[in-house]
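Below, each value reflects all heavy atoms present in this structure, side chains not excepted, and no hydrogens, waters or symmetry copies. None of these values were measured; they are calculated from a predicted model. Quick note: residue numbers are just sequence positions, from 1.
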Amino acid sequence: MTRTARAFWLHYPGHGEIREVELDEPGPEDVVVRTLCSGVSRGTETLVFRGGVPESQYGAMRAPFQDGEFPGPVKYGYLNVGLVEEGPAALRGRTVFSLYPHQTRYVVPASAVTPVPEGVPAPRAVLAGTVETAVNAAWDAAPLLGDRIAVVGAGMVGASVAAVLSRFPAVRVQLVDAEPARAEVARALGVDFALPGEAAGDLDLVVHASATEQGLARSLELLAPEGTVLELSWYGDRRIGLPLGEAFHSRRLTVRSSQVGTVSPARGARRSYGDRMALALELLADPAFDALVTGECGFEELPEVLPRLASGEIPGLCHRVRYDAESAVSPG
């Protein structure tokens with residue numbers, strides 16, 4: 001018996017399509033998952049869609065369950081929530097999150113899925129991969145009691161980081177973005193908002209997530225002496241200028257990178273990737289995170305929607321993809 005499903009593939013940069021795919025026969029330690037919803041990562045995933053991954057980074061940019069190779073054809077994505085139809089008894093019937101692309105049904109090792117806590121709705125759980133990045137950034141940043149912090153760039157990652165950092169005691173967080181409408185997101189998350197030119201300075205820590213040269217330069221300007229910029233942006237094949245003249249050295253500023261592909265060294269000896277993901281899902285019990293989902297479409301609409309997301313025609317943060325039960329191809 002051959003099991004089949006339908007998957008979204010980037011055929012070549014700028015053009016996607018729905019393909020029928022054959023599923024592997026599940027083993028005793030595997031699960032068969034029917035997708036309920038998935039999410040489009042507007043930063044990395046739209047960069048992949050545009051063909052902006054540098055050849056030198058093809059290996060580093062591979063998604064856990066990617067098929068194909070950059071720049072295409074490639075099946076790419078990593079925000080998937082589904083229902084376990086077959087597998088170990090402890091997981092059957094559970095809603096789970098996995099780092100799987102946009103596909104109606106799939107087979108993965110049971111160790112590759114994380115159960116979604118009962119208090120977290122499946123549609124919100126698509127944010128788990130982004131909140132996991134925010135958890136890792138918080139471990140890297142290691143804020144102290146009472147720190148003054150800005151997050152520059154109110155996209156999916158930046159907004160998630162602001163939400164996580166705001167939970168530290170006595171910390172004051174401002175979310176900085178050039179788009180005034182992002183003030184609504186900041187308000188929903190319970191943090192301050194400022195346009196770049198109006199942001200408060202003399203800060204202990206700035207997390208940069210705007211993926212722009214201007215945003216990184218402004219992040220440095222906002223620091224107090226001895227302050228740190230934690231750089232979360234990934235620029236793909238773009239070269240970015242950094243203003244290291246003037247007072248950069250005399251103020252002893254620091255620019256550090258943070259990347260979710262490795263568990264932060266601050267916790268790597270005591271926390272696994274699974275621990276980090278489970279923590280991200282726990283945080284998503286807070287309904288404030290619903291503010292990060294700003295659009296939705298059906299799975300079959302992805303070939304038409306992703307070009308509009310990549311071009312910016314459809315604005316917003318996380319774009320959720322819904323799957324009807326009929327969209328999954330039954331075993332044949």
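R172 CZ: 12 or fewer foreign heavy atoms inside a 6.0 Å radius. Within 6.0 Å of the CD atom in E118, the count of heavy atoms belonging to other residues, nucleotides or ligands does not exceed 12. Other residues, nucleotides and ligands place more than 12 heavy atoms under 6.0 Å from the CZ atom of R238. Other residues, nucleotides and ligands contribute over 12 non-hydrogen atoms within 6.0 Å of the CD atom of E226.
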Inset, instruction - Evaluate the side chain to side chain donor-acceptor pair (under 3.5 Å) criterion for residues N136 and T133: first the C-alpha distance (whole Å), next the side-chain angles of each, then the deciding distance (0.1 Å), finally the verdict. - result: CA-CA 5 Å; N136 208 57; T133 300; over 6 Å; no

Inset, instruction - Would you please test L306 and V40 for side-chain contact (heavy atoms from CB on, under 4.5 Å) and show each step? - result: CA-CA 8 Å; L306 251 171; V40 177; 4.0 Å; yes

Inset, instruction - Kindly determine whether D192 and V173 satisfy side-chain contact (heavy atoms from CB on, under 4.5 Å), including the steps that lead there. - result: CA-CA 6 Å; D192 296 335; V173 178; over 6 Å; no

Inset, instruction - Begin from the C-alpha positions of R105 and T35 and carry the test side-chain contact (heavy atoms from CB on, under 4.5 Å) through to its verdict. - result: CA-CA 6 Å; R105 185 181 273 115; T35 303; 6.0 Å; no

Legend entry - Stepwise side-chain contact (heavy atoms from CB on, under 4.5 Å) test for T114 and L281: CA-CA 9 Å; T114 304; L281 282 163; 3.5 Å; yes

Inset, instruction - Show the numbers, then the answer: is there a side chain to side chain donor-acceptor pair (under 3.5 Å) between Y76 and D67? - result: CA-CA 7 Å; Y76 193 86; D67 277 342; over 6 Å; no

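Distance CZ/R50 to OG/S311: 9.0 Å, rounded to 0.5 Å. The CZ atom of R320 lies 11.5 Å from the CG atom of L36; values are rounded to the nearest 0.5 Å. The CD atom of Q66 sits 8.5 Å away from the CE atom of M61 when rounded to the nearest 0.5 Å. Note that CG of L292 is 5.5 Å distant from CG of L127, once rounded to the nearest 0.5 Å. Taken to the nearest 0.5 Å, the CG atom of L309 stands 11.0 Å off from the OG atom of S41. Separation of atoms OG1 (T104) and CD1 (I18) is listed at 9.0 Å; rounding is to 0.5 Å.
Side-chain contact check for P71 versus Y12: every heavy-atom pair is 4.5 Å or farther apart. Side-chain contact between V157 and S160 is absent, with no heavy atoms from C-beta onward closer than 4.5 Å. By the 4.5 Å heavy-atom criterion applied to side chains, L242 and L220 are counted as neighbours. Residues Q103 and F299 have side chains not in contact (no heavy-atom distance under 4.5 Å, counting atoms from C-beta outward).
Contact check on E85 versus R92 returns no salt bridge, with no Lys/Arg side-chain nitrogen under 4.0 Å from an Asp/Glu carboxylate oxygen. A salt bridge is absent between E184 and R182; no separation between the charged side-chain nitrogens and carboxylate oxygens falls under 4.0 Å. A salt bridge links R6 to E300: one of the charged nitrogens lies within less than 4.0 Å of a carboxylate oxygen. Using a cutoff of 4.0 Å between basic side-chain nitrogens and carboxylate oxygens, R3 and E86 are scored as salt-bridged. Residues E296 and R322 are paired through a salt bridge, judged by an N-O separation under 4.0 Å between the basic side chain and the carboxylate.
In the model, E45 has no side-chain atom that pairs as donor or acceptor with a side-chain atom of H319 under 3.5 Å. With 3.5 Å as the limit, one finds a donor-acceptor pair spanning the side chains of S38 and Y323.
Residue V21 is not grouped with residue Y78 when hydrophobic side chains (ILVMFWY) are merged at heavy-atom distances under 4.5 angstrom, including chains of intermediate members. Connection of V191 to L203 is not established within any shared hydrophobic cluster, with ILVMFWY side chains joined at heavy-atom distances below 4.5 Å, either directly or through further cluster members. Under the 4.5 Å side-chain contact rule for hydrophobic residues, L10 and Y100 do not share a cluster. A continuous path of ILVMFWY side-chain contacts below 4.5 Å connects V81 to L302, so both sit in one hydrophobic cluster.
Closest non-hydrogen pair, G77 versus A63, comes out as O-CB, 3.9 Å. The minimum heavy-atom distance between F97 and M277, with the atom names listed, is CE2-CE, 3.4 Å. The two residues S98 and V113 come nearest to each other via the heavy atoms CB-CG1, 4.0 Å. Between A137 and V161, the shortest heavy-atom contact is CB-CG2, 4.2 Å. Closest approach of L253 to A224, counting heavy atoms only: CD2-O, 3.5 Å. The shortest heavy-atom contact between A217 and P243 is CB-CG, 3.9 Å.
R94 contributes no side-chain N or O that, together with a main-chain N or O of P115, makes up a donor-acceptor pair within less than 3.5 Å. At distances below 3.5 Å, not a single donor-acceptor pair connects side-chain atoms of R62 with backbone N or O atoms of F70. Using modelled atom types, no side-chain atom of D140 and backbone atom of S264 make a donor-acceptor pair closer than 3.5 Å. Checking side-chain atoms of S233 against main-chain N and O of A211 turns up a donor-acceptor pair under 3.5 Å. Distance alone, capped at 3.5 Å, is enough to place a donor-acceptor pair between the D177 side chain and the E179 backbone. In this structure a side-chain-to-backbone donor-acceptor pair under 3.5 Å is missing from R124 to V293. Of the possible donor and acceptor atoms, none in the side chain of Q57 sits under 3.5 Å from a partner among the backbone N and O of P54. A donor-acceptor distance shorter than 3.5 angstrom exists from the side chain of D204 to the backbone of R148, with no hydrogens or angles considered. The backbone N or O of S219 sits nowhere less than 3.5 Å from a side-chain atom of H208 that would complete a donor-acceptor pair.
A perpendicular orientation is assigned to the rings of F8 and H102, their planes being inclined by more than 60° (bins at 30° and 60°).
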